Amino acid sequence: MKQDLKPYLDRLYIEFCRKYSSRDPVWFLHRFDDEKDIEIAGLITSCYSYGRVEQINAFIKTFLKRIDFKVCEFTSNYSQLKDKKFLKGMSYRFNSENDLSALLLNLKRLINRHGSLQSFFAKNYSDHHQNILNALAEFAIELNRVRSRDPYFRYLVPLVSGGSACKRLNLYLRWMIRKDNIDLGIWKKISTSKLIMPVDVHVYRVSRKLRLAQRKSPDLKFAIQLTEKLKSFDPIDPVKYDFALCHSDFSE
């Protein structure tokens with residue numbers, strides 16, 4: 001384990017920000033100017049951000065081209081009867097076109113009821129909370145109101161109550177709330193200090209190797225434990241260390 005872990009992680013964060021690659025799926029969001037397009041495209045992109053990056057990018061690019069990059073307009077007016085032709089063949093690994101349709105219906109419901117995804121998320125958020133967990137839980141519930149008839153929709157949008165680390169939803173919130181060369185920072189009502197680290201198997205293994213967290217399961221409790229440790233390095237922006245933990249094998 002590094003003796004001076006904080007400066008080491010800080011250096012890696014700076015390095016990864018500088019050499020940020022446009023191959024990362026978040027790059028699609030930088031093509032949009034309208035914040036409503038950004039937050040909806042970001043949610044869809046994050047939900048499908050599993051597997052090889054080339055496959056993720058191909059799927060998202062195909063979807064965006066089919067709807068002429070008019071993400072908010074298409075989603076807020078989405079009709080299964082009228083618009084499902086745009087989703088024909090849009091399956092991705094475990095998830096079918098029915099899953100994408102259900103996701104769009106949930107997003108439509110949220111947007112039309114609350115005006116934006118940020119507005120709904122902020123309703124369940126408080127600066128007095130330890131983190132965004134309460135708001136994240138309600139957000140995930142609303143994204144599951146309409147369920148696909150196919151079995152893997154819950155994999156696309158997991159519930160907090162199931163104990164999942166909710167890696168991709170936390171990744172989405174990172175994109176929306178943080179601001180640097182990579183993250184867009186368009187959700188101004190939420191503090192970066194309340195974010196939870198996106199944890200996958202790689203981040204879990206690296207974090208345990210560095211003794212940042214010792215829980216023996218890569219679940220939501222592990223993600224919170226890890227985040228609390230990273231707050232000792234940067235209490236305002238602990239999730240910035242996602243770059244260092246995610247993109248390095250710490251073999252040096």
Side-chain angles (χ1 to χ4, degrees), residues 1-27 29-30 42 45-46 49-50 53 121 125-137 160 163-252:
M1 187 177 72
K2 302 293 178 183
Q3 295 301 312
D4 300 311
L5 195 52
K6 178 184 175 350
Y8 181 71
L9 293 175
D10 284 332
R11 175 172 63 81
L12 285 179
Y13 163 69
I14 293 170
E15 288 178 1
F16 283 122
C17 269
R18 285 175 178 169
K19 66 178 184 181
Y20 163 60
S21 170
S22 61
R23 291 176 63 251
D24 193 293
V26 73
W27 183 252
L29 309 187
H30 290 266
T45 300
S46 66
S49 289
Y50 68 94
V53 69
F121 193 89
Y125 167 82
S126 171
D127 282 331
H128 299 295
H129 293 160
Q130 177 186 359
N131 52 42
I132 56 166
L133 185 59
N134 183 70
L136 175 62
V160 169
S164 165
C166 297
K167 187 257 186 179
R168 283 166 284 136
L169 284 177
N170 280 314
L171 178 64
Y172 169 67
L173 295 172
R174 196 202 84 195
W175 293 347
M176 295 300 103
I177 296 166
R178 292 192 69 258
K179 176 67 176 177
D180 58 17
N181 292 340
I182 301 173
D183 297 331
L184 293 100
I186 62 171
W187 286 14
K188 308 298 185 184
K189 299 177 182 178
I190 317 296
S191 171
T192 57
S193 66
K194 305 298 183 179
L195 288 169
I196 298 172
M197 269 287 295
V199 170
D200 57 15
V201 173
H202 176 73
V203 169
Y204 166 74
R205 288 172 177 166
V206 170
S207 300
R208 279 181 55 84
K209 181 178 180 180
L210 295 174
R211 300 181 184 176
L212 292 169
Q214 292 304 308
R215 184 174 171 80
K216 295 182 179 180
S217 178
D219 55 13
L220 188 58
K221 289 182 179 179
F222 180 92
I224 292 171
Q225 185 182 94
L226 173 59
T227 306
E228 289 303 305
K229 177 61 178 179
L230 294 174
K231 282 182 181 180
S232 68
F233 298 157
D234 191 331
I236 303 300
D237 190 15
V239 173
K240 76 179 188 183
Y241 296 114
D242 186 23
F243 302 104
L245 296 177
C246 184
H247 295 288
S248 174
D249 61 8
F250 287 88
S251 58
E252 58 187 85

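Computed from heavy atoms alone, side chains included, the values below leave out hydrogens, waters and symmetry copies. All values reported here derive from a predicted model rather than from experimental measurement.
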Check: Take atom NZ in Lys229; do more than 12 heavy atoms of anything else shown fall under 6.0 Å from it?
Finding: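 No, because the 6.0 Å sphere around NZ of Lys229 holds 12 heavy atoms or fewer from other groups.
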Margin query: Before you tell me yes or no, could you show the steps for Glu228 and Gln130 under side-chain contact (heavy atoms from CB on, under 4.5 Å), namely the whole-Å CA-CA distance, both residues' side-chain angles and the distance that decides it to 0.1 Å?
Written below: CA-CA 10 Å; Glu228 289 303 305; Gln130 177 186 359; 3.2 Å; yes
Considering non-hydrogen atoms only, spot the tightest contact between [X] and [Y] and give its length.
{"X": "Leu226", "Y": "Val199", "value": "CD2-CG2, 4.0 Å"}
{"X": "Gly42", "Y": "Trp175", "value": "O-CZ3, 3.5 Å"}
{"X": "Asp127", "Y": "Ser191", "value": "OD1-CB, 4.2 Å"}
{"X": "Ala137", "Y": "Val160", "value": "CA-CG2, 3.6 Å"}
{"X": "Ile196", "Y": "Ala223", "value": "CG2-CB, 3.8 Å"}
{"X": "Ser193", "Y": "Pro235", "value": "CB-O, 3.3 Å"}

Taking the side chain as C-beta and beyond, is there a heavy-atom pair between [X] and [Y] under 4.5 Å?
{"X": "Thr45", "Y": "Leu29", "answer": "yes"}
{"X": "Asn134", "Y": "Tyr125", "answer": "no"}
{"X": "Pro198", "Y": "Val239", "answer": "yes"}
{"X": "Lys179", "Y": "Leu184", "answer": "no"}
{"X": "Ile190", "Y": "Ile132", "answer": "yes"}

Next item on the list: Please assess Ile224 against Thr227 for the test side-chain contact (heavy atoms from CB on, under 4.5 Å), listing each intermediate value before the final yes or no.
Entry: CA-CA 5 Å; Ile224 292 171; Thr227 306; 5.6 Å; no
Verify, without hydrogens or angle tests, whether [X] (side chain) and [Y] (backbone) share a donor-acceptor contact under 3.5 angstrom.
{"X": "Asp200", "Y": "Val203", "answer": "yes"}
{"X": "Asp24", "Y": "Trp27", "answer": "no"}
{"X": "Lys221", "Y": "Arg215", "answer": "no"}
{"X": "Lys188", "Y": "Gly185", "answer": "yes"}
{"X": "Lys231", "Y": "Ile236", "answer": "no"}
{"X": "Ser46", "Y": "Leu169", "answer": "no"}
{"X": "Ser207", "Y": "Leu212", "answer": "no"}
{"X": "Arg208", "Y": "Gln214", "answer": "yes"}
{"X": "His30", "Y": "Ile182", "answer": "yes"}

Next item on the list: Nearest 0.5 Å please: distance from the CG atom of Asp219 over to the SG atom of Cys166.
Entry: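 One finds 10.5 Å between CG of Asp219 and SG of Cys166.
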Margin query: Could you measure the distance from the CD1 atom of Ile14 to the CG atom of Leu9? Nearest 0.5 Å is fine.
Written below: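 The distance works out to 11.5 Å.
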Next item on the list: Would you mind listing every ring pair (Phe, Tyr, Trp, His ring centres under 6.0 Å) that reaches into residues 212-232, with sequence neighbours excluded?
Entry: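 Every ring pair (Phe, Tyr, Trp, His ring centres under 6.0 Å) pair that includes a residue of residues 212-232, provided the two are not neighbours, is Tyr204-Phe222.
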Note to self: One pair to check against side-chain contact (heavy atoms from CB on, under 4.5 Å): Asn131 and Leu195. What are the steps and the verdict?
What the structure shows: CA-CA 6 Å; Asn131 52 42; Leu195 288 169; over 6 Å; no
Note to self: Quick check: Trp187 with Tyr172 (ring centres under 6.0 Å apart)?
What the structure shows: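 Yes.
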Next item on the list: Mind running salt bridge (Lys or Arg N to Asp or Glu O under 4.0 Å) on Lys240 and Asp10 for me, showing each step along the way?
Entry: CA-CA 9 Å; Lys240 76 179 188 183; Asp10 284 332; 3.5 Å; yes
Margin query: Under 3.5 Å, is there a donor on one side chain and an acceptor on the other for Tyr13 and Asp242?
Written below: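 Looking only at side-chain atoms, Asp242 and Tyr13 do not form any donor-acceptor pair under 3.5 Å.
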Next item on the list: Before giving the answer on salt bridge (Lys or Arg N to Asp or Glu O under 4.0 Å), spell out for Asp4 and Lys6 the whole-Å C-alpha distance, their side-chain angles and the decisive distance to 0.1 Å.
Entry: CA-CA 6 Å; Asp4 300 311; Lys6 178 184 175 350; over 6 Å; no
